[in-house]
**Student:** 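This is the structure, below, for whatever I ask next.
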Amino acid sequence: MSKTDWITQEIETLKSQGLYNRIRTIGSPQGAWLIVDGKKALNFCSNNYLGLANHPKLVAAAKKAVDEMGVGPGAVRTIAGTTTLHLELEKRLAAFKGVEAAITFQSGFQANTATIPVLVGKEDVIFSDRLNHASIIDGCRLSGGKIIPYEHCDVASLEAVIKENQGQFRRAIIITDGVFSMDGDVAPLDKIYEVAKKYDIRLMVDDAHGEGVLGKGGRGIVDHFHLHGKVDVEIGTMSKAFGVVGGVVAGNATIIEWLRLRGRPFLFSSAVTPPDAAACLAAIDLLESSTELVDRLWDNAKYFKTEMKKLGFDTGVSTTPITPVMLGEAPLAQQFSRDMFEAGVFAMALGYPTVPQGKARIRVMISAAHAKDDLDKGLEAFAKVGKKLGVIK
Ligand SMILES: *Cc1c(COP(=O)(O)O)cnc(C)c1O
């Protein structure tokens with residue numbers, strides 16, 4: 001027996017259950033079309049909602065920053081790694097979000113694992129939506145606080161667990177995803193806020209899939225629900241609609257200051273590089289100058305979903321450009337994805353543990369980068385493969 005036999009066995013089990021994920025390799029910039037494993041394919045997988053990942057203005061800004069500031073951050077922010085670009089980005093993000101202050105991190109994942117432990121300790125309680133993102137769950141675990149899940153997007157369930165636990169903890173916080181990435185549904189943040197207010201509990205939302213998508217010109221879920229000044233902490237990422245990389249925490253200035261002093265990924269890990277920060281600034285310029293890309297994203301999403309429903313597919317409960325195509329068992333979803341790839345469409349199958357058992361799906365990510373003709377090609381492939389595999393008639 002070798003020391004890694006147990007791992008080999010676990011991997012074999014995944015393969016036999018159709019849950020083994022073979023990662024495909026991209027050989028081109030992001031866009032409506034990609035080179036995937038050496039072959040041209042229509043891109044239905046990226047979180048590049050607005051097509052900014054290879055936008056000429058972002059690329060130019062990044063190049064200029066490389067020329068002026070180089071490629072590396074040099075040190076962690078607290079020692080010698082805070083550049084004028086980082087500070088400018090934080091100022092612009094706060095203004096874009098309509099909040100007092102913002103602080104950036106290496107990623108959205110790090111933003112969550114930084115924020116929750118500085119706000120929550122062992123004596124505290126976290127009320128957490130059952131389907132929250134893995135980085136929220138990890139942040140909650142790192143905090144040492146008591147984690148009490150409530151049923152997904154269910155305000156009555158949230159209120160019930162709050163009542164059950166009233167008076168038993170020092171402080172409390174409610175944490176929810178804004179847009180849930182697997183189903184594309186939106187947290188009822190207005191109603192959650194009413195509960196938070198009633199019980200005087202802090203409220204934190206992770207807007208990773210809402211920024212650049214929801215709200216006026218993509219200002220996010222807080223803007224969408226007109227809750228300015230009412231949500232204590234907003235987490236965001238620059239890796240999705242912003243098209244770059246990095247995380248952000250936006251909100252109350254005291255909380256942001258506390259993160260600068262105590263957020264472990266801020267203190268002990270270097271920041272994004274100058275070209276990353278510069279490209280993010282260019283993304284904000286674009287978003288602030290016009291709603292055109294956000295509008296196109298929504299037009300594309302509405303068109304695609306309507307046509308998929310006409311074909312007879314079940315696109316679940318999504319109310320955003322995230323379009324799950326519900327298939328049931330993981331092996332069927334994987335077969336569907338392979339057949340789509342044969343037909344020239346890159347559309348990933350998602351199975352357990354990313355989604356619950358028996359809820360495997362193909363998740364289509366619609367983008368402003370898609371032309372109508374691209375969407376039609378995708379629909380044609382879905383119709384063909386769906387009929388072949390007996391998913392639609
Ligand atoms: C994608 C995502 C993250 C992670 O963002 P990265 O910047 O890629 O680390 C965090 N939270 C949610 C809800 C996400 O969807």
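The basis for the numbers below is simple: all heavy atoms, side chains too, and nothing from hydrogens, waters or symmetry mates. Counting starts at 1 for both ligands and their atoms, following the listed order.
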**Student:** Of the protein's non-hydrogen atoms, which lies at the shortest distance from atom 2 (C) of ligand 1, and what is that distance?
**Tutor:**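 It is K240 NZ, 2.4 Å.
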**Student:** Carefully, step by step, assess D206 and N112 under the rule side chain to side chain donor-acceptor pair (under 3.5 Å).
**Tutor:** CA-CA 8 Å; D206 181 342; N112 273 318; 2.9 Å; yes
**Student:** For ligand 1, which atoms, with element, lie under 4.0 Å from some heavy atom of S239?
**Tutor:**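 Near S239, meaning under 4.0 Å from one of its heavy atoms, ligand 1 has 6 (P), 7 (O), 8 (O).
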**Student:** Between S337 (side chain only) and A347 (backbone N and O only), is there a donor and an acceptor less than 3.5 Å apart?
**Tutor:**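 Flag set: sc S337 to bb A347 pair under 3.5 Å.
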**Student:** Would G247 count as a contact residue for ligand 1, given that I'm defining contact as a non-hydrogen atom of the residue lying under 4.0 Å from a ligand atom?
**Tutor:**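 False for this residue.
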**Student:** Between G108 and ligand 1, does any nitrogen or oxygen pair lie at a separation below 3.5 Å?
**Tutor:**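 Such a contact does occur with ligand 1.
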**Student:** Less than 4.5 Å apart, any side-chain heavy atom of V294 and any of V213?
**Tutor:**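 Not touching, per the 4.5 Å side-chain cut-off.
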**Student:** Return the option from F180, F109, F242 holding the heavy atom at the smallest distance from atom 9 (O) of ligand 1.
**Tutor:**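 That would be F109.
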**Student:** To the nearest 0.5 Å, what is the distance between CZ on F44 and NE2 on H370?
**Tutor:**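 With rounding to 0.5 Å, CZ (F44) is 5.0 Å from NE2 (H370).
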**Student:** Any N or O on D206 sitting closer than 3.5 Å to an N or O of ligand 1?
**Tutor:**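 N/O-N/O distance below 3.5 Å exists for this pair.
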**Student:** Going by the side-chain contact (heavy atoms from CB on, under 4.5 Å) test, name the single residue among I126, V120, I116 that passes it with M204.
**Tutor:**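 Exactly one candidate clears the test, I116.
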**Student:** With atoms numbered from 1 as shown, which atoms in ligand 1 lie under 4.0 angstrom from a non-hydrogen atom of H209?
**Tutor:**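 Taking each heavy atom of H209 in turn, ligand 1 has 15 (O) under 4.0 Å.
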